[in-house]
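Worksheet: one structure, shown below.
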Amino acid sequence: METKAFLQVLRTLRRSPVLRQAPIFRMQVSRSESPFTILVATLLSARTQDTVTVPAVERLLAVAPTPERLAALDEDTIARLIYPVGFYRTKARHLKKLARVLIERHGGRVPDTLAELTRLPGVGRKTANLVLGEAFGKPAICVDTHVHRISNRLGIVRSKTPLETERQLMEKVPPAYWSDINFCLVALGQTVCGPRKPRCPVCPVRRWCERVGVAR
DNA sequence: AAAACGGGGGC
DNA sequence: GCCCCAGTTTT
């Protein structure tokens with residue numbers, strides 16, 4: 001698939017009604033605009049489906065909308081609030097430490113560079129890239145399982161590993177569209193282009209897809 | 001039982 | 001790069 005067709009895919013997905021049925025859409029409205037809440041929500045979403053993550057994010061942010069309020073909670077309280085997201089105990093530990101680090105080393109603000117974000121507890125390459133794109137509007141790509149699978153199905157890349165997918169996407173897609181990739185492709189993956197049985201007949205971008213009807 | 005989920009950390 | 005960690009939901 002050429003770059004031009006892929007940009008058509010992104011534009012079409014942006015306008016598609018199926019996007020508003022996707023859990024990730026509720027994820028974006030459930031958290032407020034602040035970089036801190038975006039960081040917290042993104043950290044919670046790791047290895048957990050958005051349908052489970054959204055209520056947990058709302059419970060936690062209702063009590064701890066700022067680093068100061070989060071730092072005031074003990075680990076067990078945080079763990080109870082975010083249950084049952086995956087790795088909830090590890091995440092509770094990270095969140096507790098994260099609040100302290102933000103206050104002590106960053107003046108209570110979320111840093112806006114990849115290097116600084118990656119140094120935060122519980123924040124790796126993917127989480128950092130999502131925060132860069134969504135909280136600060138910087139060009140960044142996070143290749144999760146949805147983005148990896150669908151990029152290959154559409155034919156914009158041809159790669160075995162997420163890292164290789166990321167390289168190829170950055171090479172073929174202009175930076176201005178990078179942040180769009182995450183939202184659009186994840187939403188499509190959650191609604192019609194799942195890993196087992198893609199629902200190609202109702203797919204809004206099937207006219208551009210190189211593997212209509214073919215799983216994996 | 002196994003796959004899947006918007007991975008992270010240590011080495 | 002590789003290996004280990006750790007929880008729930010869906011298939």
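In what follows, every chain begins at residue 1, and chains take the letters A, B, ... in the order their sequences are listed.
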Secondary structure of DNA chain B in dot-bracket form (Watson-Crick or G-U wobble, distances below 3.5 Å, | marking inter-strand pairs) | |||||.|||||

Quickly work out the A/Leu185 CG to B/dC5 C1' distance and round it to whole Å.
-> 17 Å

Say you pick atom C1' in C/dA6 and the same atom in B/dA4; how far apart are they, in whole Å?
-> 15 Å

Which part of the nucleic acid does A/Phe87 contact within heavy-atom distance under 4.0 Å: base, sugar-phosphate only, or nothing?
-> base

Sugar-phosphate only, base, or nothing, as touched by A/Val143 at under 4.0 Å among non-hydrogen atoms = nothing

Take atom NZ of A/Lys197 and atom C1' of B/dA4, then tell me their distance rounded to the nearest Å.
-> 16 Å

Result for 5'-nearest mapping on DNA chain C, choosing between A/Gln49 and A/Thr90, is A/Thr90

Is A/Thr127 touching bases, backbone alone, or none of the nucleic acid, heavy atoms closer than 4.0 Å?
-> sugar-phosphate

Expressed in angstrom and rounded to an integer, what is the separation of A/Asn182 atom CG from B/dG7 atom P?
-> 11 Å

Along DNA chain C, first and last positions that approach a heavy atom of chain A under 4.0 Å = C/dA6 to C/dT10

Once you round to the nearest 0.5 Å, how far does OG1 of A/Thr42 lie from CG of A/Leu132?
-> 10.5 Å

Pair A/Arg158 + A/Glu210, salt bridge at N-O below 4.0 Å | no

Indicate yes or no: does A/Arg119 engage A/Glu116 in a salt bridge with an N to O separation below 4.0 Å.
-> no

Euclidean distance, atom CG of residue A/Leu117 to atom P of B/dG9 [Å, nearest integer] | 12 Å

Note, A/Pro23 side chain near A/Val54 side chain (heavy atom, < 4.5 Å) | no

Spacing between A/Arg47 atom CZ and B/dG8 atom C1', to the nearest angstrom | 11 Å

Return yes if some donor-acceptor pair links the side-chain N/O of A/Ser30 with the main-chain N/O of A/Met27 below 3.5 Å, else return no.
-> yes

Among all residues two or more places apart in sequence or in another chain, which pass the ring-ring contact (aromatic ring centres under 6.0 Å, His included) test with A/Tyr88?
-> A/Tyr83

First encountered from the 5' end of DNA chain C, between A/Leu163 and A/Val85 | A/Leu163

Over how many whole Å does the gap from A/Lys91 atom NZ to B/dG9 atom C1' extend?
-> 14 Å

With respect to A/Leu60, which candidate in A/Val85, A/Val40, A/Thr77, A/Thr37 satisfies the side-chain contact (heavy atoms from CB on, under 4.5 Å) definition?
-> A/Val40

Under 4.0 Å between a side-chain N/O of A/Arg93 and OP1 or OP2 of B/dG8, yes or no?
-> no

Across the strands shown, which category fits A/Gly124 at heavy-atom distances under 4.0 angstrom: base, sugar-phosphate, nothing?
-> sugar-phosphate

Nearest-nucleotide wise, let me know which of A/Gly122 and A/Asp50 is further upstream toward the 5' end of DNA chain B.
-> A/Asp50

Given A/Leu114, A/Leu117, A/Thr118, A/Ile141, the one that forms side-chain contact (heavy atoms from CB on, under 4.5 Å) with A/Asn129 | A/Leu114

When every non-hydrogen atom of A/Arg199 is compared with those of A/Thr191, the smallest separation belongs to NH1-O, 2.8 Å

Mind calculating the distance between CZ (A/Arg196) and P (B/dC5) to the nearest angstrom?
-> 9 Å

Provide, to the nearest angstrom, the distance between the NE2 atom belonging to A/His148 and the P atom belonging to B/dC5.
-> 11 Å

What's the verdict on salt bridge (charged side-chain N to carboxylate O under 4.0 Å, His left out) for A/Asp144 and A/Lys126, showing C-alpha distance, side-chain angles and the deciding distance?
-> CA-CA 8 Å; A/Asp144 57 32; A/Lys126 296 183 185 174; over 6 Å; no

Rounded P spacing from C/dC5 to B/dC5 in Å | 23 Å

Can you figure out which of B/dA4, B/dG8, B/dC5 approaches the side chain of A/Lys126 most closely?
-> B/dG8

Can you check whether A/Thr145 has a side-chain N or O nearer than 4.0 Å to OP1 or OP2 of B/dA4?
-> no

